[in-house]
2 protein chains.
Amino acid sequence: MATLGDVAARAGVSISAVSRVLSDAPDSRVSAATRERIVDAARELNYRPNFAGRALKSARTQVVGLVVPDITNALFTELMHGAEDEATERGYTVLLGRSDDVRPGGEVIARLIGEGRVDGMALQVGDAVQPAGLRDLITTQAPIVLVNSSYPGHVGSVTLDDHRGALIATQHLLELGHERIAFANGLPRSFTAKRRRTGYKLALATAGLRMPKEYETRIGYTVDNGRTALRRLMALDPKPTGIVVANVNAAVGLLGEARRAGIRVPEDLSVVTVHDSWTAENTWPPLTAVKMQFYTVGRAAVRSVIRRIETGETSDEVVTDPPPELVVRESTAPPRTA
Amino acid sequence: MATLGDVAARAGVSISAVSRVLSDAPDSRVSAATRERIVDAARELNYRPNFAGRALKSARTQVVGLVVPDITNALFTELMHGAEDEATERGYTVLLGRSDDVRPGGEVIARLIGEGRVDGMALQVGDAVQPAGLRDLITTQAPIVLVNSSYPGHVGSVTLDDHRGALIATQHLLELGHERIAFANGLPRSFTAKRRRTGYKLALATAGLRMPKEYETRIGYTVDNGRTALRRLMALDPKPTGIVVANVNAAVGLLGEARRAGIRVPEDLSVVTVHDSWTAENTWPPLTAVKMQFYTVGRAAVRSVIRRIETGETSDEVVTDPPPELVVRESTAPPRTA
DNA sequence: TATTGTTGCGCAAACGATTGAGCAGTTGGG
DNA sequence: CCCAACTGCTCAATCGTTTGCGCAACAATA
């Protein structure tokens, strides 16, 4: 590969001149003629700045790390796309961190930051990490922004309006006339689960309703968790006529388990999920969902990380634009014996 | 961050000694006592080798790029996991390339390789790239291995046994007694589509059958493509009683469209897909599928890239272990009027 | 005409790591 | 007792960039 030296030799100038021209330094003070010779030479040699050389000298990589617990999750895709788009627009690259390593003591973070592979990172921790483990991860001074979670004392987070999402989903069932509405939620320690819970409860309270404690399961966000939730909820007496599922993957599992148990959706049971994704469109029946813009979160997270890197400013941001939006498909209907 | 110099100062030795000890050079020739002082100092300072410094000097990044056309695809996840596992075991890191840029003239590849961000790459091109565009991408001397495709003259590829996968899927329908078996395939220019086609045809020929030309659609691998394929195939006369779908995403779409059209699966129509994924388990009915190990392909691809980087050897490999395996679920049954 | 300012470049020192060469001091063989 | 070989380290060059400083040449001003 051609180096600055090669280009300089071909253009008959010094290395510094080439560097200044090609990285268009503001006060480069190079004549138009020289500039042209340099640009031509660079093009002819197909010059590309060496990443390592530049990073070493400038102590900047122009890379942000994105660490997610589970790339299987359909939502990850949206997040990643948003992150990539924002990064590219700002001249950064996204490095996807090894998800499985996001454990207490998490080596990924220490490595990515410590070895100088990234300038900062966006970190979605999910259910997997215990609050105690989180502390180790973020007490470094590094520019880290949490995605869909927050930590007391840590400044720098981007979250969705989970509260509102769950509220809208619950309201939808209420408006259809349901009076026994269950909630298949994530693990108690999950940050998002806590916030969605308040939305669910507020919607019920506003309608003057109150559900027995067993109407909320707090099992988790996976497909299997959804299956378990359905079995547990439909074993109750009286059975719920509608279920708000806090996660689309769990909803897919819950729906499948309902089919297997001979429960008809939406005739016997209405199901609405918080979060939308392409998988939700392709279940049977297609899932009614509250669309939460993960793409926007990806963008906001990267924007926040970059701002933190470049200016040092931090913030805790709730993405409310676009707002959570109900997408009515075919998994919800009025209760049969309304 | 602590540098080699810091560690050296603290241990009271030279930088070279520290470097040799910490990167355990084979003939480091350092006394046990000194070694211990160095290791202790490094630990106390929480030393981590600077990525840029190391990369600059050694002209190696220990990073392989993985470029895929569409990270939405459920199969990508498996591929990525395999790639990551293999890379980690061998001391490499995976950098996920921006998918959308994999177009003719593809800038990603030139950048990742040209700027020295990666030592080599695994490239899954998919349907999106025209054969002509491919040439530009791979005629560089860089260590590039193609995944699920190949290119005349280019040595270095890892593919699945697509032929066999389609063969097994078709045989399954034949064994159930189907005699009108359609094939929802990918685009004609797709490498995998061509190979799956031969499997489908061979199975039919072996059974002494031959289908009219219209029984094969060559639309593509997306969910929407699957929907279109179903409409087109079920408009034929006589209708097929079974469909082999070349891709699981397309199969999901095809299944959804069948529901919408009031076609019962498997009573009116059997559907079997090539490739399995978690989405296939969660459709209704759950999809019968031929499981193809994308995880293994990810591993093999990275292994191949690394071998190419380190030894210069190249190879064209077909992953046959584990072999394609039929997973019978509930989307296939004997034809009604057998 | 002397001074000052500006333009257009080149010099050389970093950044952090690797590595061949070199150099004392010790050991072993003859 | 001498030379060779080995041990245990250090020196210094190098990878490709960036960037503060310096230095001519020339123009503008006093």
Side-chain angles (χ1 to χ4, degrees), chain A residues 1-39 41-42 45-63 91 111-119, chain B residues 1-39 41-42 45-63 91 111-119:
Chain A
M1 264 300 149
T3 71
L4 276 185
D6 300 335
V7 177
R10 176 172 259 257
V13 295
S14 75
I15 290 183
S16 0
V18 178
S19 172
R20 280 187 244 261
V21 167
L22 294 184
S23 57
D24 40 33
D27 60 338
S28 52
R29 300 201 312 196
V30 178
S31 71
T34 312
R35 177 179 300 272
E36 195 182 342
R37 285 216 316 285
I38 291 175
V39 171
L45 293 175
N46 192 27
Y47 169 77
R48 284 172 194 283
N50 180 273
F51 173 70
R54 179 170 274 186
L56 178 58
K57 176 60 192 176
S58 60
R60 279 289 167 79
T61 61
Q62 303 284 110
V63 175
R111 279 197 29 170
L112 291 179
I113 298 264
E115 297 181 0
R117 284 172 186 263
V118 302
D119 294 338
Chain B
M1 264 300 151
T3 70
L4 276 186
D6 300 335
V7 177
R10 177 173 258 257
V13 295
S14 75
I15 290 184
S16 355
V18 178
S19 172
R20 280 187 242 262
V21 166
L22 294 184
S23 56
D24 40 34
D27 61 338
S28 52
R29 302 198 312 195
V30 177
S31 71
T34 311
R35 177 179 300 273
E36 196 182 341
R37 285 215 318 284
I38 291 175
V39 171
L45 293 174
N46 192 27
Y47 169 78
R48 286 173 193 281
N50 180 274
F51 173 70
R54 180 171 272 187
L56 179 58
K57 175 60 193 174
S58 59
R60 279 288 167 79
T61 60
Q62 303 285 109
V63 175
R111 279 197 30 169
L112 291 179
I113 298 263
E115 296 181 1
R117 283 172 185 263
V118 302
D119 294 338

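Letters A, B, ... are given to chains in the order of the sequence lines, protein chains preceding strands, and every chain is numbered from 1.
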Out of C:dA17, C:dG8, D:dG16, minimum distance to the side chain of A:R29 belongs to C:dG8
Just to be sure I understand the geometry, which residues of residues 4-23 of chain B put a non-hydrogen atom under 4.0 Å away from DNA chain D?
B:V13, B:S14, B:S16, B:A17, B:R20
Give the minimum heavy-atom separation between B:L45 and B:A2, together with the two atoms involved.
O-CB, 3.7 Å
When every non-hydrogen atom of B:D119 is compared with those of B:Q62, the smallest separation belongs to OD2-N, 2.8 Å
To the nearest 0.5 Å, atom CG of B:L4 lies from atom CZ of B:R20 at 11.5 Å
Heavy atoms, side chains only, cut-off 4.5 Å: are B:I15 and B:V18 in contact?
no
Would you jot down, in residue-number order, the residues of residues 51-62 of chain A having a non-hydrogen atom under 4.0 Å from DNA chain C?
A:L56, A:K57
Which whole-number value in Å describes the distance from A:R35 CZ to C:dT7 P?
14 Å
Would you name the heavy atoms of B:R117 and B:T61 that are closest together and state the gap between them?
O-OG1, 3.6 Å
Secondary structure string for DNA chain D (Watson-Crick or G-U under 3.5 angstrom, | for other-strand pairs)
||||||||||||||||||||||||||||||
Looking at every non-hydrogen atom in both residues, tell me the closest pair between B:G114 and A:R48 and how far apart they are.
CA-CD, 3.8 Å
Nearest non-hydrogen partners of A:D6 and A:M1, listed with the distance:
OD2-O, 4.0 Å
What nucleic acid atoms does A:R48 come within less than 4.0 Å of, heavy atoms only: base, sugar-phosphate, or nothing?
sugar-phosphate
Is any side-chain N or O of A:S31 closer than 4.0 Å to OP1 or OP2 of C:dC9?
yes
Between B:N50 (CG) and C:dT18 (C1'), how many Å, whole number?
13 Å
Is any side-chain heavy atom of A:T3 closer than 4.5 Å to one of A:N50?
no
Could you pull out the closest heavy-atom pair between B:A41 and B:A11, with the gap in Å?
CB-CB, 4.1 Å
Answer whether the closest heavy-atom distance between the side chains of A:V39 and A:V21 falls below 4.5 Å.
yes
Calculate the interatomic distance between B:I38 atom CD1 and C:dT18 atom P; express it in whole Å.
13 Å
Hey, could you give me the CZ/CD distance between B:R54 and A:E115, rounded to the nearest 0.5 Å?
7.5 Å
